[in-house]
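Quick notes on the structure that follows.
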Amino acid sequence: MLGRADTLAVMRIATWNVNSIRSRADRVLAFLERSGTDVLAIQETKCRDDQFPALPFELAGYEVAHVGLSQWNGVALLSRVGIEGVEVGFPDQPGFGDPLVREARAIGATCGGVRVWSLYVPNGRVLDDPHYHYKLEWLARLRDAAEGWLEADPTLQAALMGDWNIAPLDTDVWDPALFAGRTHVSPAEREAFAAFARAGWTEVTREHLPEPGKYTYWDYTQLRFPRNEGMRIDLAYATPALAARVTAVEIDRNERKGKGASDHVPVILDLADDAA
DNA sequence: ATGGTGGAAAGTCCA
């Protein structure tokens with residue numbers, strides 16, 4: 001159940017691919033209320049900025065930053081601990097298509113002293129598809145940016161959280177044999193993911209939830225959720241200074257239940273007091 | 001039974 005945070009937890013930051021904010025606003029509000037989440041990184045809002053239902057969140061005490069260009073993609077940050085220095089896209093974020101469009105897949109802001117990025121990594125579709133090469137390039141440029149941020153300030157508290165569309169381990173999919181030759185598990189994608197760790201970042205959900213079968217996504221079809229045939233693709237890299245503050249990580253599996261659920265569930269980080 | 005889910009420029013794309 002939620003709300004297990006011990007008394008040391010002074011801030012909760014979470015990530016959630018909501019698969020349309022307009023069809024899920026009530027569920028998001030209910031989640032914020034029961035979990036006590038202070039900062040929520042949202043992916044797949046599936047709307048333009050002028051369509052984002054900001055009012056109910058503002059009435060609940062959250063400030064909103066969103067970027068959405070069309071009915072696809074769309075990322076947002078909700079924060080009740082301030083939202084400063086909003087940045088749409090990361091430096092050298094690749095575009096896609098002709099003409100090149102810098103899709104709405106990354107938004108960052110400083111919330112309660114933590115630089116939080118809401119990320120929606122390109123899906124890739126199938127190996128060798130143009131979307132697959134775009135995905136790898138997108139991850140490489142993000143890694144470069146992340147390395148630069150940490151080099152510029154080794155004490156930086158920052159999180160790269162979202163839907164990475166990568167299952168880093170074989171245990172992050174219910175049937176590795178079924179995924180052979182597909183995206184999300186290819187060596188190139190896993191290498192692109194591992195590169196962030198070599199740049200000094202720590203994937204904190206793994207650190208605190210190392211057990212297999214801790215999925216964050218289940219396809220809507222084929223009774224995937226009741227059978228717990230899921231994938232672990234919603235992850236959070238943290239800088240050393242932030243990773244040191246993470247006391248617990250929780251996957252809100254219950255959020256996948258019932259009518260009107262997203263196919264992803266929230267992943268929550270509990271942060272201890274800032275010792276610095 | 002040629003679907004099986006669900007969301008989005010509404011017809012078809014996306015995951």
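The figures that follow rest on heavy atoms only: side chains count, while hydrogens, waters and symmetry mates do not. Naming convention: chains lettered A, B, ... in sequence-line order (proteins, then strands); numbering from 1 in each chain.
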Specify the separation, in whole Å, of atom [atom1] of [X] and atom [atom2] of [N].
X	N	atom1	atom2	value
Asn19(A)	dC14(B)	CG	C1'	10 Å
Lys46(A)	dC13(B)	NZ	P	15 Å
Asp219(A)	dC14(B)	CG	P	17 Å
Gln43(A)	dC14(B)	CD	C1'	16 Å
Asp263(A)	dT5(B)	CG	C1'	9 Å
Tyr134(A)	dC14(B)	OH	P	13 Å

I'd like to know if the side chain of Glu44(A) and the backbone of Asn19(A) have a donor-acceptor N/O pair within less than 3.5 Å.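 No, Glu44(A) side chain to Asn19(A) backbone: no donor-acceptor pair under 3.5 Å.
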For the pair Asp129(A) (side chain) and Val126(A) (backbone), establish whether a donor and an acceptor sit closer than 3.5 Å, ignoring hydrogens and angles.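 No; zero donor-acceptor contacts below 3.5 Å.
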Rounded to whole angstrom, note down the [atom1] distance from [N] over to [M].
N	M	atom1	value
dA10(B)	dG4(B)	P	22 Å
dG11(B)	dA1(B)	C1'	24 Å
dA15(B)	dA9(B)	P	16 Å

When we call it a touch if two heavy atoms are under 4.0 Å apart, what does [X] touch: a base, just sugar-phosphate, or nothing?
X	result
Tyr217(A)	nothing
Arg24(A)	sugar-phosphate
Gln51(A)	sugar-phosphate

Measure the acute angle between the ring planes of Tyr134(A) and Phe96(A), then classify it against the limits of 30° and 60° as parallel, tilted or perpendicular.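 Tilted.
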Quick one: on DNA chain B, does Asp163(A) or Arg22(A) contact a more 5' nucleotide (nearest heavy atom)?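 Its nearest nucleotide lies further toward 5', so the answer is Arg22(A).
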With DNA chain B as reference, determine whether Ser70(A) or Pro122(A) sits nearer its 5' end, using the nearest nucleotide of each.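 Of the two residues, Ser70(A) wins.
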Taking the ring of Trp138(A) and the ring of Phe90(A), is the distance between their centroids below 6.0 Å?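 Yes, the ring centres sit under 6.0 Å apart.
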